[in-house]
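Below: one structure, written as structure tokens.
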Amino acid sequence: MSAITRAEAYLVDLEVETVRTDAVQSFLKQETIFVALETADGLTGLGYSYTIGTGGTAVLALLRDNLLPRLLGVDARNVEAAWSDLFWSTHATTVGAITSLALAAVDTALWDLRCLRAGEPLWRLAGGHRREVPLYDTEGGWLHLTTDELVAGALASQKAGWPGVKLKVGKPRVHEDVDRLRAVRDAVGPSLDIMVDANQSMTYAEAKRRAAAFEAVDLSWFEEPLPADDVTGHVRLAESTSIPIAVGESLYSVSQFREYVAAGGAGIVQVDVARVGGITPWLKVAHLAESFNLEVCPHFLMELHVSLTAAVPNGRYVEHIPQLRAITRSEMEIADGHAVAPDTPGLGIDWDPDAIDDRRVS
């Protein structure tokens with residue numbers, strides 16, 4: 001009764017909710033790739049992944065042409081077996097972004113089915129450590145914002161009881177970044193966590209110089225200072241500064257995380273469920289991080305990551321960037337500076353089917 005009888009994939013374009021810029025790009029739109037899996041007993045699981053403006057049609061083609069046909073007749077309860085079969089069937093294109101994004105859309109749908117069949121929410125079935133996770137804000141920290149706007153955003157987050165904010169760095173001159181960070185720190189005092197994100201924009205030499213300049217601001221982490229494939233550079237940088245180095249949003253396999261963690265290049269692990277290939281590998285990365293006494297602070301996708309971060313004992317933070325409000329009927333619950341994992345069976349995202357259909361890309 002749990003055999004998959006229907007597998008469908010489609011693409012939905014979501015405009016950004018606000019202007020978002022960093023040191024290398026602007027977030028133009030969210031291409032959201034959905035996968036719906038129906039089983040013989042009438043259950044339907046809905047999974048998804050995303051890109052920030054390009055590549056969505058490539059992910060969709062891989063799903064339709066290669067992955068979804070292999071799922072028909074598969075027992076949806078055997079999530080590891082399904083993931084492994086799809087991975088090895090496309091091994092010529094793994095490890096890579098397009099394949100991982102496609103696998104994630106399938107895997108999250110399988111986990112939705114698993115939770116629905118068990119009558120349990122994702123946060124409990126994936127581990128069940130706690131329901132509430134501290135929240136930090138990124139929406140008030142984009143690079144195009146003025147210093148006054150950064151300060152206002154940080155103060156608003158602090159007033160709301162949120163324990164942290166993240167600010168983008170990568171201005172042309174060091175003093176510009178430092179002046180902005182110092183203004184925020186002076187406004188909020190020592191009790192608010194401040195993180196910074198360079199979005200892979202720096203050389204090792206420049207990142208080392210800026211980290212030294214940032215240390216007086218008391219930062220919680222320095223995120224993606226170097227290109228994501230520069231493991232050696234991140235290791236050298238981590239050895240040169242007291243600021244924890246955060247990486248992971250641009251890594252696409254468990255093995256890539258293993259290399260970073262084992263080498264000492266990751267002080268904070270920011271695994272993204274869509275980019276790493278789904279919930280199944282996400283949990284493996286989280287447990288890998290735990291074995292090295294590292295905390296997990298996942299990237300983006302707060303509506304899904306709230307449940308996963310709550311599931312594991314080393315989940316530290318959920319990142320607040322709302323982007324699904326146009327296609328959901330309710331928002332992620334926030335209480336006393338914490339994101340609250342949904343307690344309903346399944347992934348816990350309250351999708352609006354009509355709004356999704358209206359935004360399908362033909």
Side-chain angles (χ1 to χ4, degrees), residues 12-22 25-34 46-53 56 104-105 108 121-123 131-145 149-150 152-168 192-193 195 197 199 223 249 270-275 297-310 315-344 346-356 358-359:
V12 169
D13 276 353
L14 289 178
E15 298 301 318
V16 293
E17 294 199 9
T18 186
V19 178
R20 297 175 179 142
T21 63
D22 58 44
Q25 64 189 344
S26 295
F27 190 161
L28 300 178
K29 65 177 178 178
Q30 179 176 309
E31 294 184 308
T32 313
I33 304 98
F34 283 98
L46 187 62
Y48 74 111
S49 65
Y50 75 100
T51 82
I52 61 170
T108 49
L122 175 60
W123 75 270
R131 272 197 72 191
E132 298 184 1
V133 183
L135 192 68
Y136 77 88
D137 183 56
T138 294
E139 287 288 72
W142 301 106
L143 200 63
H144 69 277
L145 297 174
E149 289 171 324
L150 293 183
L155 287 171
S157 296
Q158 187 177 48
K159 184 177 180 180
W162 297 10
V165 295
K166 187 164 76 181
L167 312 178
K168 299 292 183 175
L192 189 73
D193 285 344
M195 307 80 161
D197 184 359
N199 293 98
E223 181 175 332
E249 71 176 71
Q270 296 185 299
V271 57
D272 181 317
V273 69
R275 293 177 176 178
C297 304
H299 166 254
F300 196 42
L301 295 184
M302 64 181 195
E303 298 86 356
L304 185 52
H305 281 139
V306 59
S307 295
L308 295 178
T309 311
R316 173 181 173 184
Y317 261 125
V318 171
E319 180 177 24
H320 185 264
I321 305 181
Q323 181 55 32
L324 293 182
R325 288 187 283 205
I327 55 173
T328 54
R329 291 176 293 207
S330 60
E331 298 184 34
M332 182 181 74
E333 183 182 350
I334 299 172
D336 298 323
H338 286 66
V340 182
D343 215 23
T344 54
L347 299 185
I349 301 175
D350 188 16
W351 300 111
D352 184 337
D354 292 334
I356 290 174
D358 289 343
R359 290 166 175 80

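When reading the values below, keep in mind they use all heavy atoms of this one structure, side chains included, and skip hydrogens, waters and symmetry mates. For this chain, numbers begin at 1 and follow the sequence in order.
Rounding to the nearest 0.5 Å gives a distance of 8.5 Å between CG of Asn199 and CG of Leu143. Atom NE2 of His320 sits about 6.5 Å away from atom CG of Asp137, to the nearest 0.5 Å. Once rounded to the nearest 0.5 Å, the distance linking OH of Tyr48 with CG of Leu347 reads 7.5 Å. Here Leu14 contributes atom CG and Ile356 contributes atom CD1; the two are 8.5 Å apart, rounded to the nearest 0.5 Å. Distance check: Asp352 CG to Thr328 OG1 gives 7.5 Å after rounding to the nearest 0.5 Å. Separation of atoms NZ (Lys29) and CD1 (Ile52) is listed at 12.0 Å; rounding is to 0.5 Å.
Judged by distance alone, with hydrogens and angles left aside, the side-chain atoms of Ser49 form no donor-acceptor pair with the main-chain N or O of Ala104 at under 3.5 Å. Under a 3.5 Å cut-off, the side chain of His305 and the backbone N or O of Phe300 do form a donor-acceptor pair. With Arg131 contributing its side chain and Val340 its backbone, the two residues share no donor-acceptor pair below 3.5 Å. In this structure, Thr108 contributes its side chain and Ala105 its backbone to a donor-acceptor pair below 3.5 Å. In this structure, the side chain of Glu132 does not engage the main chain of Ile334 through any donor-acceptor pair within 3.5 Å.
Closest non-hydrogen pair, Gly348 versus Pro342, comes out as O-CG, 3.4 Å. Across every non-hydrogen atom of Trp162 and Tyr136, the tightest pair is CE3-C, 4.4 Å. The minimum heavy-atom distance between Val271 and Pro298, with the atom names listed, is O-CB, 3.1 Å. The two residues Ala339 and Leu135 come nearest to each other via the heavy atoms CB-CD1, 3.9 Å.
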Practice prompt. I would like to know whether Asp193 and Arg316 meet side chain to side chain contact (heavy atoms under 4.5 Å, CB included); could you show each step before the answer?
Written response: CA-CA 12 Å; Asp193 285 344; Arg316 173 181 173 184; 3.6 Å; yes
Fill in: Leu324 and Leu301: CA distance, side-chain angles, deciding distance, side chain to side chain contact (heavy atoms under 4.5 Å, CB included) verdict
CA-CA 9 Å; Leu324 293 182; Leu301 295 184; 5.8 Å; no
Item to complete: Decide side chain to side chain contact (heavy atoms under 4.5 Å, CB included) for Val306 and Trp123; before the verdict, give the C-alpha distance in whole Å, the side-chain angles of both, and the deciding distance to 0.1 Å.
Response: CA-CA 8 Å; Val306 59; Trp123 75 270; over 6 Å; no
Practice prompt. With side chain to side chain contact (heavy atoms under 4.5 Å, CB included) as the test, would you mind laying out the steps for Met302 and Thr138 before giving the verdict?
Written response: CA-CA 11 Å; Met302 64 181 195; Thr138 294; over 6 Å; no
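Residues Asp22 and Asp197 form no side-chain contact, since every pair of their non-hydrogen atoms from C-beta on lies 4.5 Å or further apart. In this structure the side chain of Glu17 reaches within 4.5 angstrom of the side chain of Pro322, judged on heavy atoms. For the pair Glu319/Gln270, no side-chain contact is recorded, criterion being any heavy-atom separation below 4.5 Å from C-beta on.
Classification of Arg329 and Asp350 as a salt-bridged pair holds, one side-chain N sitting under 4.0 Å from a carboxylate O. Between Arg359 and Asp13 no salt bridge is recorded (no basic side-chain N to carboxylate O distance below 4.0 Å).
Legend: residues meeting side chain to side chain donor-acceptor pair (under 3.5 Å) with Glu139, ordered by chain and number and at least two apart, are Arg20, Trp142.
Partner Leu304 forms a side chain to side chain contact (heavy atoms under 4.5 Å, CB included) with one of Thr309, Leu122, Asp272 and no other, that one being Leu122.
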